There are 2 protein chains.
Amino acid sequence: MLTIGKLGQQAGVKVPTIRYYEQIGLLPEAERSAGNQRLYSRKALERLAFIRHARDLGFTLEAIRDLLSLSDNPDQFCAAADAIARAQLAEVESRLARLMALKAELERMVLQCAGGRIADCRVIEVLGDHSLCATDHSHPEPELSL
Amino acid sequence: MLTIGKLGQQAGVKVPTIRYYEQIGLLPEAERSAGNQRLYSRKALERLAFIRHARDLGFTLEAIRDLLSLSDNPDQFCAAADAIARAQLAEVESRLARLMALKAELERMVLQCAGGRIADCRVIEVLGDHSLCATDHSHPEPELSL
DNA sequence: CCTTGAAGCTATAGTTGCTAGAGACATTAG
DNA sequence: CTAATGTCTCTAGCAACTATAGCTTCAAGG
């Protein structure tokens, strides 16, 4: 049985984060020692590692909740998990595309900095004017979430 | 003079967001009509478009605050604005690198889905095991922020 | 002129995924 | 046995908005 600190170390998750996951029901309520401290089994460590890994891959806690409930019921079809993973992949691909466009624009901006005074600065100028933009930001557009 | 709704339309920013920007001091307090409604000049529209554009490029509101104060004082040197833009570019490049690694791993995961039951699902399995991971997630590692 | 509906106002609370602090109890090393 | 570390609960805070409630103001139609 592991204390919360050891568990956190082994899973690479901070202690308050573990308590937070318990609070929002992503982890079950932990067993307690005589002195009321949380104790964790190897299974709990696996579950937390799963969460950690999925978070690293950018899955939201909601998506992870779904994946966990699928893995808790092994009779369901893989298709559901696959769909969640595919959605995540699509998300990542779209962020990637946006970031590449942004990188290009930022590079252009930085290259054009003449080293002079702000009055002549391309960085400020480019940011002030959407029409100089490489990417299309025509206005009533869904918000970008980077 | 524009009402807040028109301003929002023209800049591509939602009305509550404009009020929020005013509240946190990113926009100056707007003039008011006789009936206490906010009125905006063309200059305000430009400032808001600047903010919008910088947000699209992933600048934080803090970075934008700095850029705005630079452009409000055009006698300063360009170097400061350039530094902010370069920092932003570095940020974007590092996110890009992480995202590309994630994309690779997600693709591997999704490809291996056999279409069977969860018990056999690679998605779940891969997520449960860091050691199958392409990227290095050795444990006491700074958090990823996608 | 009056009404109606859209748009505006303030203020507060919720969102996501944590992180940080206070103040008290538990456990462990020397 | 004591001191240091770890853990407990609870609350509040972060970014950057978004949503709700309950009100007032404005513009257009009848």
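In what follows, chains carry the letters A, B, and so on, assigned in the order in which the sequence lines appear, proteins first and then strands, with residues in each chain numbered from 1. All of these numbers come straight from a predicted model, not from anything done at the bench.
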For nucleotides 1-5 of chain C, print each protein N/O atom paired with a nucleotide N/O atom at under 3.5 Å, atom names and distance only.
none

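- In this structure, CD1 of A/Ile18 is placed 12 Å from P of C/dC18, rounded to the nearest angstrom.
- As a whole-Å value, the separation of B/Leu2 CG from C/dA7 C1' is 15 Å.
- Partners of A/Arg32 according to the side-chain hydrogen bond (donor to acceptor under 3.5 Å, both in side chains) rule, which considers only residues two or more places apart in sequence or in another chain, are A/Asn36.
- Taking 4.5 Å as the limit, every side-chain heavy atom of B/Gln37 sits out of range of all side-chain heavy atoms of B/Ile4.
- The shortest distance between the side-chain N/O atoms of A/Thr17 and the OP1/OP2 oxygens of C/dT19 is below 4.0 Å.
- Atom P of nucleotide C/dG8 and atom CD of B/Glu22 are separated by 14 Å, given to the nearest angstrom.
- Shown here for B/Ala11 and B/Leu45, the closest heavy-atom pair between the two residues is CB-CD1, 3.9 Å.
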List the steps, then state whether side chain to side chain contact (heavy atoms under 4.5 Å, CB included) holds for B/Ile51 with B/Leu27.
CA-CA 9 Å; B/Ile51 295 171; B/Leu27 292 175; 3.8 Å; yes
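- A single hydrophobic cluster is seen to contain both B/Leu67 and B/Ile24, as judged by linkage of ILVMFWY side chains at heavy-atom distances under 4.5 Å, directly or through other members.
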For a quick test of your reading: what N or O donor-acceptor pairs under 3.5 Å do the side chains of residues 16-23 of chain A make, sequence neighbours left out?
residue	atom	partner	partner atom	Å
A/Glu22	OE1	A/Arg38	NE	3.0

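- At D/dC17, one or more side-chain N or O atoms of B/Tyr21 fall inside 4.0 Å of OP1 or OP2 (strictly under the cut-off).
- Not a single side-chain hydrogen bond (donor to acceptor under 3.5 Å, both in side chains) links A/Glu93 to another residue, sequence neighbours left out.
- Across every non-hydrogen atom of B/Ala30 and B/Leu39, the tightest pair is CB-O, 4.0 Å.
- Listed by chain and residue number, A/Thr60, A/Arg65 satisfy the side chain to side chain contact (heavy atoms under 4.5 Å, CB included) test with A/Glu62 (two or more places apart in sequence, or in another chain).
- No continuous path of ILVMFWY side-chain contacts below 4.5 Å connects A/Met1 to A/Leu48, so the two sit in separate hydrophobic clusters.
- Residue A/Phe59 contributes atom CZ, which lies 17 Å from atom C1' of C/dG17 at whole-angstrom precision.
- Ranked by how close their nearest DNA chain D nucleotide is to the 5' end, B/Ser33 and B/Thr60 are led by B/Thr60.
- Put simply, B/Lys14 has no side-chain N or O that comes within less than 4.0 Å of OP1 or OP2 on D/dC17.
- We find that OH of B/Tyr20 is positioned 11 Å from C1' of D/dT18, with the value rounded to whole Å.
- Of the listed nucleotides (D/dC26, C/dC18, C/dT19), C/dC18 has the atom at the smallest distance from the side chain of A/Leu61.
- Look at CG on B/Leu7: it is 11 Å from P on C/dC9, rounded to the nearest Å.
- Judged as a salt bridge (Lys or Arg N to Asp or Glu O under 4.0 Å), and not counting sequence neighbours, A/Glu31 has no contacts.
- Bending across the helix from C/dC1-D/dG30 to C/dG30-D/dC1, expressed as the angle between its end axes from five pairs apiece, amounts to 10° (10° rounding).
- Atom CG of A/Leu48 and atom C1' of C/dC18 are 14 Å apart (whole Å).
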Once each nucleotide of nucleotides 2-12 of chain D is scored for protein heavy atoms under 4.0 Å, what B/S/- sequence comes out, 5' to 3'?
----BSSB---
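- Of all the heavy atoms in B/Ala63 and B/Ile84, the pair that sits closest is CB-CG2, 4.1 Å.
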